[in-house]
Amino acid sequence: MTVESTAARTPRRSAGSDAGATGAKRTTSTTAKKADPAKKAPAAKKAPAAKKATAARKAGGTKPQSAEPGLVQLLTPEGERVENAEFDQYVSGVTPEEFRGLYRDMVLTRRFDAEATALQRQGELGLWASLLGQEAAQIGSGRALRDDDYVFPTYREHGVAWCRGVDPTNLLGMFRGVNNGGWDPNSNNFHLYTIVIGSQTLHATGYAMGIAKDGADSAVIAYFGDGASSQGDVAEAFTFSAVYNAPVVFFCQNNQWAISEPTEKQSRVPLYQRAQGFGFPGVRVDGNDVLASLAVTRWALERARAGEGPTLIEAFTYRMGAHTTSDDPTRYRHDDERASWEAKDPILRLRRYLESAHHADEGFFAELENESETLGKRVREAVRAMQDPDHFAIFENAYADGHALVDEERAEFAAYQASFADVDGGK
């Protein structure tokens, strides 16, 4: 049974996306007017702290219409549709089939992630970074992309990789230690995972500057976490992208914890407001709402393609599991915090909407459960069938013409390998 996404076979650009280009320009203009410091400075000096905070929130980007101020939300945790005059146009063309495709993407991505976590616990992987709880932010933004857009991920964007058509089993090779990345980035316009925190934002900015000079009608998206937002690389990427008007979208998945450090110990303002200081819009979206994530990312990508420069999206979500399988989140956060976020589960939210809107029946959910089991089995079998790399490959291509020191190190390593007992050979 195939695990290719249903939504992958539908057009990435909907009528709502095309119609939103004009709206994106209007949003940018409105944001610029709100953020004009020259007109606001005299009053700001006399304003109390609460009024300053309110003014800062208003200046931070697009003004959404949702239950929580500063948060773009189109589906409530109960699965109810929320109207939004600013962003509804970007998802107005989503069909029932595409809604089912988004749900399918999230379910299968979560199943793949669960299998990978289990495989690490069984000793089949050296490490794993789970995306549990962040499926909506990744699938929503991933489905907003066109084929010619380019993605620069961190090491947790398994859902985005799924949207780009990367075989999920290829994601596991690096974590098993058999390769340095199991796919060709140019085949899917999806870069290899980046372990160095925040560096991919600079890579994305440079790539975006390049395609702008080439005159390409495409955009770039860079994924990073709330912890990475404190890195100097990210600030430099913001500076370069703003000055050169690069067609790049910075997608920050704020999952509340940079390993054991909460967001409030990293920033005194909401993360999306940081964009204001660099001269481009920022917007906070409900990261557990796949429809809102889709709409806001489409808006930002259209801005980029229209030559309006970078955008910062803060997807407000939650890391339900550990930072990685080497982490113990019970040492720094409470169970009641997780329980409150479980009530906002992105998959359950969309299922409630599908059922209330009569977009899916029990047969669809049952078939998807069977497909999930098939995917889990394929992942387990693929990992255990992976061949170990040649132990001596590390010494190849270090120097074009060879080197005496490398030859010496190779010989030492060969002797070290030979010192182990050959259990299969009976020694």
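Keep in mind that what you see is a predicted model, and the values were worked out from it rather than measured.
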Check your understanding: How are the rings of H158 and Y193 set to each other: parallel, tilted or perpendicular (split at 30° and 60°)?
Key -> tilted

Practice item. Drop me the distance from R176's CZ to Q387's CD, to the nearest 0.5 angstrom. Key: 9.5 Å

Point to revise | Test item: N84 side-chain N/O and L74 main-chain N/O as donor-acceptor pair under 3.5 Å | key: no

Review point. Under 3.5 Å, is there a donor-acceptor pair between the side chain of S293 and the main chain of V290?
Key: no

Check your understanding: Got a donor-acceptor contact below 3.5 angstrom from the E157 side chain to the T154 backbone?
Key -> yes

Exercise for review: Using a strict 4.0 Å threshold on nitrogen-to-oxygen distance, state whether E302 and R298 make a salt bridge.
Suggested key: no

Check your understanding: Any side-chain donor-acceptor pair under 3.5 Å between T76 and E78?
Key -> yes

Practice item. Quick one: list whatever passes salt bridge (charged side-chain N to carboxylate O under 4.0 Å, His left out) with D327, sequence neighbours left out. Key: R319

Study note, to complete from the structure: Residues V248 and A204: closest non-hydrogen pair is CG2-CB, 4.3 Å

Point to revise | Polar side-chain atom of N245 near backbone of G307 as donor-acceptor pair, under 3.5 Å | key: yes

Point to revise | Check: F280 ring centre within less than 6.0 Å of F238 ring centre | key: yes

Review point. So do the side chains of F250 and P310 get within less than 4.5 Å of each other, counting heavy atoms only?
Key: yes

Check your understanding: With a cut-off of 6.0 Å (strictly less than), are more than 12 heavy atoms of other residues, nucleotides or ligands near CZ of F99?
Key -> yes

Exercise for review: Using the side chain to side chain contact (heavy atoms under 4.5 Å, CB included) rule, take D149 and N189 through it: C-alpha gap first, then chi angles, then the decisive distance, then the call.
Suggested key: CA-CA 7 Å; D149 295 331; N189 279 10; 6.0 Å; no

Point to revise | Test salt bridge (Lys or Arg N to Asp or Glu O under 4.0 Å) applied to E115 and R111, step by step | key: CA-CA 6 Å; E115 289 295 337; R111 178 54 184 267; 3.0 Å; yes

Point to revise | Main-chain N/O of M106 paired to T109 side chain as donor or acceptor, under 3.5 Å | key: no

Review point. Hey, is the main chain of P281 close enough, under 3.5 Å, to the side chain of R303 for a donor-acceptor pair?
Key: no

Check your understanding: For the rings on W162 and F190, is their centre-to-centre separation under 6.0 Å?
Key -> no

Exercise for review: Apply side chain to side chain contact (heavy atoms under 4.5 Å, CB included) to H191 and Y223, showing your working.
Suggested key: CA-CA 11 Å; H191 200 265; Y223 289 88; over 6 Å; no

**Study point:** pair Y332-P262: side-chain heavy atoms closer than 4.5 Å
**Key:** no

Review point. Are W128 and F112 close enough that their ring centres sit under 6.0 Å apart?
Key: yes

Check your understanding: In terms of the angle between their ring planes, are F87 and Y90 parallel, tilted or perpendicular, with boundaries placed at 30° and 60°?
Key -> tilted

**Study point:** Distance in Å, C252 SG paired with R284 CZ, rounded so as to fall on 0.5 Å steps
**Key:** 10.0 Å

Check your understanding: If we only count heavy atoms from C-beta on, is the N288 to P77 side-chain gap below 4.5 Å?
Key -> no

Practice item. Check P247 against A304 and note the closest heavy-atom contact, atom names and distance. Key: CB-O, 3.5 Å

Revision key, fill the gap. Taking every heavy atom of L312 against every heavy atom of L271, the minimum-distance pair comes out as CD2-O, 3.4 Å

Point to revise | Atom pair CG/OG1 of L127 and T325 - distance to nearest 0.5 Å | key: 4.0 Å

Review point. Got L108 and S372 here, is their nearest side-chain heavy-atom distance under 4.5 Å?
Key: yes

Review point. Above 12 or not: heavy atoms from other molecules or residues under 6.0 Å from CD1 of I394?
Key: no

Do any side-chain atoms of residues 397-413 form donor-acceptor pairs under 3.5 angstrom with protein atoms, and if so which ones, sequence neighbours left out?
| residue | atom | partner | partner atom | Å |
| --- | --- | --- | --- | --- |
| H403 | ND1 | L405 | N | 3.0 |
| D407 | OD1 | R410 | NH1 | 2.9 |

Practice item. Look at the aromatic rings of Y353 and H359 and report parallel, tilted or perpendicular, splitting at 30° and 60°. Key: perpendicular

Revision key, fill the gap. Per salt bridge (charged side-chain N to carboxylate O under 4.0 Å, His left out), D105 is matched among R143, R164, R110 by R143

Review point. Judged by atom type as modelled, is there a donor-acceptor pair below 3.5 Å linking the side chain of S141 to the main-chain atoms of Q138?
Key: yes

Point to revise | Residue pair D167 / W183, side-chain heavy-atom distance below 4.5 Å | key: no

Check your understanding: Would you say T194's side chain and V196's backbone share a donor-acceptor pair under 3.5 angstrom?
Key -> no

Review point. With distance as the sole criterion, is a donor-acceptor pair present between the side chains of S340 and E337 under 3.5 Å?
Key: no

Review point. To the nearest 0.5 Å, how far apart are OG in S229 and CD in Q266?
Key: 5.5 Å

Practice item. Only counting residues at least two apart or in another chain, list the ones meeting side-chain contact (heavy atoms from CB on, under 4.5 Å) with Q256. Key: N254, T263, F316, Y318, W341

Check your understanding: Can you find a heavy atom in the side chain of M174 that is under 4.5 Å from one in the side chain of N179?
Key -> yes

Review point. Where is the tightest heavy-atom contact between Q120 and L125, given as atom of each residue plus distance?
Key: CG-O, 3.4 Å

Exercise for review: Output yes when a side-chain donor or acceptor of E396 lies under 3.5 Å from a complementary backbone atom of A393, and no otherwise.
Suggested key: no

**Study point:** Closest contact, heavy atoms only, A258 versus G227
**Key:** CB-CA, 3.4 Å

Practice item. Would you kindly say whether Q122 and R384 are connected by a side-chain donor-acceptor distance under 3.5 Å? Key: yes

Review point. Excluding sequence neighbours, so at least two apart, what forms side-chain contact (heavy atoms from CB on, under 4.5 Å) with A129?
Key: Y155, R156, T324

Exercise for review: Would you indicate whether F395, at its atom CZ, is surrounded by more than 12 heavy atoms from other residues, nucleotides or ligands within a distance under 6.0 Å?
Suggested key: yes

**Study point:** Over 12 foreign heavy atoms within 6.0 Å of CG, N180
**Key:** no

Point to revise | Sequence-distant partners of Q200, side chain to side chain donor-acceptor pair (under 3.5 Å), two or more places apart | key: none

Point to revise | Backbone N/O of D113 and side chain of T117: donor-acceptor pair under 3.5 Å | key: yes

Check your understanding: Quick one: does P153's side chain get under 4.5 Å of V160's, heavy atoms only?
Key -> no

Revision key, fill the gap. Residue set satisfying salt bridge (charged side-chain N to carboxylate O under 4.0 Å, His left out) with R352, at least two apart, ordered chain then number -> none

Review point. Mind checking whether R349 and D286 have side chains closer than 4.5 Å, heavy atoms only?
Key: yes

Point to revise | Note: D345-R351 ion pair, threshold 4.0 Å (strictly below) | key: no

